[in-house]
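Take a look at the structure set out below.
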2 protein chains.
Amino acid sequence: MKLITRETDYAIRALVHIAKSDKEIVTVTDLVETTAVPRPFLRKLLQTLNREGVLKSFKGKSGGFTLALSPEEILITRIITIFQGTMQLNECMFKKDICPNTETCSLRKILNNIQDYATRSFAGVTLKEIMKEEPHES
Amino acid sequence: MKLITRETDYAIRALVHIAKSDKEIVTVTDLVETTAVPRPFLRKLLQTLNREGVLKSFKGKSGGFTLALSPEEILITRIITIFQGTMQLNECMFKKDICPNTETCSLRKILNNIQDYATRSFAGVTLKEIMKEEPHES
DNA sequence: ACAAATGATACTGATTTGGTATCATTTCAT
DNA sequence: ATGAAATGATACCAAATCAGTATCATTTGT
Ligand code: FES
Ligand code: FES
């Protein structure tokens, strides 16, 4: 039961490294060294972030990636949604059926509360906050 | 990203039905009718609940299941743990490595908070509460 | 022209989840 | 005793998701 998948995690860490880098343009090779994420997987992931407008990419000889937005503009919920879809902790069970009584199910209420809390917790958290004290340098 | 798996859901619903039933001993056949869960799957699941001491089973001709504890003694966290292991929403990424800096990772903090909230939300919730207004009759 | 970068996309392998199938054992009713 | 009707134990299977590869095309600076 994981809130955050490996891909999301990798993505966030890559973003942090790009944001922190002193180079203007960061290449996949750089990131493979700093993050130790398998190269082809990382590549796919960065391409996705580019397509989604979180990164800007430059092709050709001295190409690479930069942030398309400033760290304080990049919500991490955005990243999560990109790789995991919208956060939905509770689906009414018996999926095929229509649940007649969503109002009165106490289990559902609990799950909904947790989800609301999660949503509030993430609200407004941007890459900037995460950057502040990211571990896993090396 | 689901908090509760299908198996857990089925289990809870089966327990509710057993608890509500007027029969002393409830058989799998009864439950297949009331819950529409596939029979062999349901069987496996009830056997597990029996092994774990949540249900009591009776073999032989007029056998079946009853609750081994009263509804107010059955914590639903117990059920969740049985089928999904202990709730752990955050694993430090890069599993193989030891994460050097668990204290300062802001992402981890958020995840931990959510997990604590979830734990508190479930604390003390028993089958009895869930029973009160279980939908999906029919 | 060529090397060094990304773009696009299809494929593969591992794990987890949801579900089956089968046979053994117990017990009640006759 | 015996057989039907229940559960116990266990091995198996299929679909979905997750993690990762492989390949070829395109762009661009030198
Ligand atoms: S199972 Fe449908 S609302 Fe609870
Ligand atoms: S990634 Fe290890 S604590 Fe955040």
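Chain naming here is simple, since letters A, B, ... match the order of the sequence lines and numbering starts at 1 in each.
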Self-check item: Distance test, side-chain N/O of A:Ser57 to OP1/OP2 of C:dG7, below 4.0 Å
Solution: yes
Quiz item: Has B:Thr5 got a side-chain N or O lying under 4.0 Å from the OP1 or OP2 atom of C:dG18?
Solution: yes
Practice problem: Starting from the 5' end of DNA chain D, give me the residue, B:Val26 or A:Glu7, whose nearest nucleotide shows up first. | Solution: B:Val26
Exercise. Just jot down the side-chain hydrogen bond (donor to acceptor under 3.5 Å, both in side chains) partners of B:Thr8, sequence neighbours excluded, or say none.
Key: B:Gln84
Quiz item: Looking at residues at least two apart in the chain, or sitting in another chain, which of them share a side-chain hydrogen bond (donor to acceptor under 3.5 Å, both in side chains) with A:Thr126?
Solution: A:Glu129
Quiz item: Quick one: side chain to side chain donor-acceptor pair (under 3.5 Å) pairs with a partner in residues 36-45 of chain A, sequence neighbours left out?
Solution: A:Thr29-A:Arg39
Quiz item: Could you give the CD1-to-C1' distance, from A:Ile25 to C:dA4, as a whole number of Å?
Solution: 13 Å
Quiz item: Hey, can you pull the residues of residues 45-55 of chain B with a non-hydrogen atom under 4.0 angstrom from DNA chain C?
Solution: none
Quiz prompt | Residues in side chain to side chain contact (heavy atoms under 4.5 Å, CB included) contact with B:Asp116, at least two apart in sequence or another chain | solution = B:Arg120
Quiz item: By side chain to side chain contact (heavy atoms under 4.5 Å, CB included), which residues pair with A:Ser121, not counting sequence neighbours?
Solution: A:Tyr117, B:Ile110, B:Ile114
Exercise. Any chance you could lay out the side-chain contact (heavy atoms from CB on, under 4.5 Å) test for B:Phe83 and B:Asp9, step after step, and finish with the verdict?
Key: CA-CA 10 Å; B:Phe83 292 104; B:Asp9 176 39; over 6 Å; no
Sequence neighbours left out, cut at 3.5 Å: what donor-acceptor pairs do the side chains of residues 68-82 of chain A make with other protein atoms?
unit_1: A:Ser70; atom_1: OG; unit_2: A:Glu73; atom_2: OE1; d: 3.0
unit_1: A:Glu73; atom_1: OE1; unit_2: A:Ser70; atom_2: N; d: 2.9
unit_1: A:Arg78; atom_1: NH2; unit_2: A:Glu52; atom_2: O; d: 2.5
unit_1: A:Thr81; atom_1: OG1; unit_2: A:Thr77; atom_2: O; d: 2.3

Quiz item: Mind checking who shares a hydrophobic cluster with B:Phe58, ILVMFWY linked at side-chain heavy-atom distances under 4.5 Å?
Solution: B:Ile25
Self-check item: Closest approach of B:Leu67 to B:Leu55 (non-hydrogen atoms, all atoms of both residues)
Solution: CD2-CD2, 3.8 Å
Quiz item: Between A:Leu42 and A:Val28, what is the shortest heavy-atom contact and its length?
Solution: CD2-O, 4.2 Å
Quiz item: Do B:Leu46 and B:Leu31 have side-chain heavy atoms sitting under 4.5 Å apart?
Solution: yes
Quiz prompt | Heavy-atom side-chain proximity of B:Leu107 to A:Ile130 below 4.5 angstrom | solution = yes
Could you run down the sub-3.5 Å N/O contacts of the protein with nucleotides 20-23 of chain D?
unit_1: D:dG20; atom_1: OP1; unit_2: A:Arg6; atom_2: NH2; d: 3.0
unit_1: D:dG20; atom_1: OP2; unit_2: A:Tyr10; atom_2: OH; d: 3.4
unit_1: D:dG20; atom_1: N7; unit_2: A:Lys44; atom_2: NZ; d: 3.3
unit_1: D:dG20; atom_1: O6; unit_2: A:Lys44; atom_2: NZ; d: 3.0

Quiz prompt | Residues from residues 74-83 of chain B lying under 4.0 Å of DNA chain D - heavy atoms | solution = none
Atom pairs, protein N/O to nucleotides 25-30 of chain C N/O, distance under 3.5 Å:
unit_1: C:dT26; atom_1: O2; unit_2: B:Gly60; atom_2: N; d: 3.2
unit_1: C:dT27; atom_1: O2; unit_2: B:Lys61; atom_2: N; d: 3.0

Quiz item: Can you pull the ring-ring contact (aromatic ring centres under 6.0 Å, His included) pairs that have at least one residue in residues 29-52 of chain A, sequence neighbours excluded?
Solution: A:Tyr10-A:Phe41
